[in-house]
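Read the structure below first, then the notes.
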Amino acid sequence: VSPYVLVTPNETRRKQLQQIAKKELDDLERWKKEHRPGPIMLVPQRLGGKATQAQARQNQQMMLMQSKYQKKHKREEYVKAKKAAEEAEILKKKAIQREKAERLEVKKKQQEIQRREMFLEDQYYKTNELLNRLDVGLPKSDSCQIANPGPESTAWTRSHAYRQALQEDENRRLEEMKQEQRRKGELMEFKQKQEEEARTRAHQNEQRRVNNAFLDRLQEKTQANNSNRPGYTG
């Protein structure tokens with residue numbers, strides 16, 4: 001157990017400290033009473049504007065209603081703008097999908113034309129090969145035979161005319177298909193240009209509508225602030 005020392009309290013010293021503290025508290029209370037602020041004397045004067053209390057209440061109620069209406073109008077404008085942006089985005093996606101489908105259709109048409117050309121070319125070569133085999137089987141025609149054409153010469157003439165007619169018919173079909181494909185490409189380009197112009201006009205109209213709505217709200221706010229000023233006559 002650690003040793004400790006017991007100090008006997010000094011009653012005289014404690015009483016002196018208590019008297020000093022009491023004197024300081026009394027001096028503080030006396031100073032507060034002496035320096036207490038007196039009554040304020042002001043010259044009576046009329047405060048506020050020319051409006052009465054009822055008019056002020058009415059104006060306050062009107063401002064509250066206008067504030068609620070402006071908040072509601074702002075919320076509606078935000079919802080409309082958001083909906084318009086979503087619709088524009090949907091239309092844009094649809095236009096992109098439509099363009100992809102049209103490009104795919106054009107690509108399919110081109111592939112079909114290429115396959116058709118290859119098929120016609122192969123058919124033309126096979127027909128020529130067949131006619132050449134028929135020509136090889138025919139005897140050579142001399143001047144007498146040319147002057148007096150026989151059945152062989154007539155067969156060769158018919159085969160040559162058939163070959164030429166077949167070639168002309170295939171060329172005509174290919175030209176018609178190419179013209180049809182060219183017309184479709186021009187029509188698709190014209191439609192894309194019209195859609196781009198329509199999107200541009202819609203975007204400009206939406207921007208103009210938002211700007212007009214903002215200017216209207218700004219004008220209403222300015223008029224409301226001016227109507228609340230003293231002496232405002234409208």
Under 3.5 Å, side chain of H203 to main-chain N/O of R199, donor-acceptor pair present?
no
Side-chain (S67) to main-chain (M63) donor-acceptor, under 3.5 angstrom
no
Would you mind reporting whether [Y] and [X] have side-chain heavy atoms less than 4.5 Å apart?
X    : Y    : value
Q70  : R217 : no
K33  : R36  : yes
R116 : R173 : yes
I90  : K94  : yes
Q19  : K23  : no
E29  : L25  : no
E220 : Q66  : no

Qualifying residues under side chain to side chain donor-acceptor pair (under 3.5 Å), relative to E195, sequence neighbours excluded
R98
Can you tell me how far apart [atom1] ([X]) and [atom2] ([Y]) are? Round to the nearest 0.5 Å.
X    : Y    : atom1 : atom2 : answer
Q55  : M62  : CD    : CE    : 10.5 Å
Q204 : R201 : CD    : CZ    : 9.0 Å
L120 : N171 : CG    : CG    : 9.5 Å
K184 : Q181 : NZ    : CD    : 6.5 Å
L17  : N10  : CG    : CG    : 9.5 Å
E186 : R183 : CD    : CZ    : 9.0 Å

Test of understanding: with side chain to side chain contact (heavy atoms under 4.5 Å, CB included), list the residues that count as partners of [X], not counting sequence neighbours.
X    : result
K74  : none
K126 : D122
E189 : none
V210 : E206

With a cut-off of 6.0 Å (strictly less than), are more than 12 heavy atoms of other residues, nucleotides or ligands near CD of E76?
yes
Within a 6.0 Å radius of atom CD on Q53, are there more than 12 heavy atoms belonging to other residues, nucleotides or ligands?
no
Hydrophobic cluster identity match, L174 and F119, side-chain contacts under 4.5 Å
yes
Go through it in stages, so that I can follow the logic: the residues are L28 and E24, the test is side-chain contact (heavy atoms from CB on, under 4.5 Å), and I'd like the CA-CA distance, side-chain angles, deciding distance and then a yes or no.
CA-CA 6 Å; L28 179 61; E24 291 178 354; over 6 Å; no
Residues N205 and R208: closest non-hydrogen pair is OD1-NH1, 2.9 Å
Measure across R103 and M188 and return the closest heavy-atom pair with its distance rounded to 0.1 Å.
N-SD, 4.3 Å
State plainly whether the residues E168 and R172 are in salt-bridge range, i.e. N to O under 4.0 Å.
no
Presence of salt bridge, E180 and K109, under 4.0 angstrom
no
Give the intermediate values and the outcome of side-chain contact (heavy atoms from CB on, under 4.5 Å) for residues E112 and K108.
CA-CA 6 Å; E112 183 66 26; K108 288 182 179 179; over 6 Å; no
How far apart are the C-alpha atoms of K178 and E117, what are their side-chain angles, what is the distance that settles it, and do they pass the side-chain contact (heavy atoms from CB on, under 4.5 Å) test?
CA-CA 11 Å; K178 289 180 179 179; E117 290 177 351; 3.4 Å; yes
side-chain contact (heavy atoms from CB on, under 4.5 Å) between E77 and R209, intermediate numbers included
CA-CA 10 Å; E77 290 292 334; R209 186 186 65 81; 3.1 Å; yes
Applying salt bridge (charged side-chain N to carboxylate O under 4.0 Å, His left out) as the test, list every pair that has at least one member in residues 5-16; sequence neighbours left out.
E11-R14
